[in-house]
Amino acid sequence: MSNYYVTTSIPYVNGEPHLGHAMEFIMADVLARRARQQGEMVIFSIGTDEHGGKIAEKAAELKLTPKALADQMSARFSQLAQSLNISNDRFIRTTDAGHEQRAQLIWKALAKNIYKDKYVGWYCTGDEAFFSEAEVKANNGVCPSHNRPYEKVEEENCFFKLSAYNDQIKKAITSGDLLILPETRRNEILSTLKDGLTDISVSRPKQKIGWGIPVPGDPDQVMYVWFEALMNYITVLGYPEHADFKKFWPANVQVVGKDIIRFHAGIWPAMLMGLGLALPKMLYVHGFINVDNKKMSKSLGNYISPDDVIAKYGTDAFRYYFLRHIPSYNDGDFTWETFEAAYNNELANELGNAVQRTVVMAQKYQDGVIGDTPPPEHDIAQYEEALAVCHFDRALDEVWEQVRGLNQYIDEEKPWEIAKQGDTDHLREVLAYQVGSLLQIADLLEPFLPDTAAKIKAVFHEGLITPLTGTLFPKQESTATPEPAQ
RNA sequence: GGCGGCGUAGCUCAGUGGUUAGAGCACAGGACUCAUAAGCCUGGGGUCAGUGGUUCAAAUCCACUCGCCGCUACCA
């Protein structure tokens with residue numbers, strides 16, 4: 001039995017949870033549940049990133065303290081995790097006292113890599129990031145994504161010697177010590193490493209941005225929010241002294257979105273190297289979710305909240321769609337039409353109905369008694385290979401091969417005819433095979449659709465049918481506009 | 001501008017040199033009836049972006065062209 005540590009990135013609490021956050025939670029949850037199923041000791045951590053000028057600013061607008069706003073928003077993410085049935089063991093907030101204290105320890109441990117310098121540059125609070133002179137000029141001094149002027153910043157900042165680690169990071173990625181998936185993301189980061197990383201500002205003057213963790217020994221500075229947020233992956237384990245940290249670091253997989261790959265494949269590894277710690281074994285980078293093939297946004301009017309979908313179709317259907325129908329290695333698209341098609345065809349008709357017809361036949365022909373079921377016989381190598389590289393979509397394709405296979409088996413064997421012929425031994429054999437097959441499917445489904453897997457297992461528990469109340473996935477009426485009557 | 005990726009059936013995609021190019025969805029037809037009017041079977045449908053080349057053989061390798069996307073740098 002070994003230890004397994006998986007993390008998501010921690011969402012910044014300046015906005016509501018959206019489909020992308022939900023998908024990231026779910027993907028990491030599959031990895032965590034699979035590892036537990038394999039008997040590993042697992043820590044699965046999620047959380048929220050809560051400091052920085054943007055939060056302070058927004059809180060002021062709402063006449064709240066930054067902490068009050070962060071409390072509210074953090075709770076929203078926590079609720080989302082609950083409604084998605086996420087099995088996280090930890091939920092770290094960067095405003096937790098433990099994180100704040102440990103972040104300061106990390107800072108001190110990195111002190112030899114940090115120096116103070118005067119910084120002149122352009123800053124956008126919307127991005128919490130600096131921009132080059134050229135870029136500012138190109139945009140006529142206004143940040144296009146936030147429609148606000150860049151602030152000219154001239155101040156003393158602490159700098160982290162990121163440049164010193166460029167070659168070491170490149171080597172770690174090239175050698176596969178830090179495996180980045182998918183490969184196109186790996187290539188992307190390698191190409192930026194070719195150009196060389198520059199040192200980064202990792203603090204802000206306290207008088208300008210008060211909402212942050214104080215820099216130890218420098219009362220005028222607070223830590224730059226990104227720098228401090230990355231530390232959550234080890235503070236949550238109790239860096240440096242806690243047994244969990246010693247047992248579970250380095251992480252097996254860190255799940256992040258493609259927009260923050262540079263932080264996780266550049267700055268974060270450098271920080272770890274500066275601390276003398278191992279790098280995570282794998283960085284899995286997922287894509288973005290569009291809605292109706294367009295970027296989702298409230299202004300475009302195509303905003304869909306995870307709650308809308310869960311409310312109508314349930315948690316497992318939500319998980320299913322985002323794991324199978326959003327490509328694991330690419331951007332994906334959400335439309336109600338494709339969601340409904342996946343729900344009705346695959347979950348209700350193929351899987352749900354396979355369970356239902358098996359249950360009904362067992363009741364009708366054998367009074368609900370199944371008896372011993374044959375052990376699993378399907379090869380799951382492809383499923384395992386897919387999961388090992390976070391190809392959630394393909395892993396589910398493999399499961400559905402078995403679901404289809406089962407339906408074909410039933411149609412070939414025609415248990416209803418066997419029943420008419422009165423061949424009770426053969427009938428018992430066929431139905432037991434169906435049940436055995438469904439139980440294996442339930443096993444494979446457990447990391448993806450935990451609730452559904454549990455229901456299937458409960459129905460056939462101990463070789464006796466305990467029918468569900470209702471069906472696994474009741475057929476849903478389409479939300480599409482019906483054709484007008486002729 | 002540099003680097004990288006993509007362009008295959010109406011749609012989403014698999015297929016990286018070797019028989020008539022595949023899957024799912026959608027569409028059409030058929031046989032059945034245990035089941036959530038579900039499931040199963042069969043079928044139509046492709047100049048594999050284009051042009052040229054390498055090869056006994058190219059969706060697959062090379063060059064160029066067109067179109068789309070990502071990362072990154074820059075011109076005043």
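Note on naming: letters A, B, ... go to the chains in the order of the sequence lines (proteins, then strands), and numbering restarts at 1 for each one. Keep in mind that this is a model prediction, so the values were computed, not measured.
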*asked:* Between N345(A) and A38(B), is there a contact of a side-chain N or O with OP1 or OP2 at under 4.0 Å?
replied: no
*Flag the pair D443(A) and K457(A) as a salt bridge only when some basic side-chain nitrogen lies within less than 4.0 angstrom of an acidic carboxylate oxygen.*
yes
*Quick one: on RNA chain B, does R404(A) or K420(A) contact a more 5' nucleotide (nearest heavy atom)?*
R404(A)
*Mapping F473(A) and E188(A) to their closest nucleotides on RNA chain B, which lands nearer the 5' end?*
F473(A)
*Could a donor-acceptor pair under 3.5 angstrom be found where the side chain of N353(A) meets the base of G39(B)?*
no
*Touch check for I261(A), heavy atoms < 4.0 angstrom, all strands: base, sugar-phosphate only, or nothing?*
nothing
*At under 4.0 Å, does any side-chain N or O of K414(A) touch on OP1 or OP2 of C34(B)?*
no
*Any side-chain N or O of N349(A) under 4.0 Å from OP1/OP2 of G39(B)?*
yes
*Check whether any side-chain nitrogen or oxygen of Q408(A) sits under 4.0 Å from OP1 or OP2 of C41(B), and answer yes or no.*
yes
*Is it the case that more than 12 heavy atoms not belonging to K116(A) sit under 6.0 Å from its NZ atom?*
yes
*What distance, rounded to whole Å, do you find between the two C1' atoms, one in U60(B) and one in G24(B)?*
23 Å
_Considering every strand and a 4.0 Å limit on heavy-atom distances, what is the contact class for A348(A): base, sugar-phosphate, or nothing?_
base
*K364(A) side chain N/O closer than 4.0 Å to the phosphate oxygens (OP1, OP2) of A35(B)?*
yes
*Have a look at D195(A) and say if it touches a base, only the backbone sugar-phosphate, or nothing, with a 4.0 Å heavy-atom cut-off.*
sugar-phosphate
*Give T471(A) one of three labels, base, sugar-phosphate or nothing, depending on what nucleic acid heavy atoms sit under 4.0 Å from its own.*
base
*Roughly how many Å is it from CG in N330(A) to P in C68(B), rounded to a whole number?*
18 Å
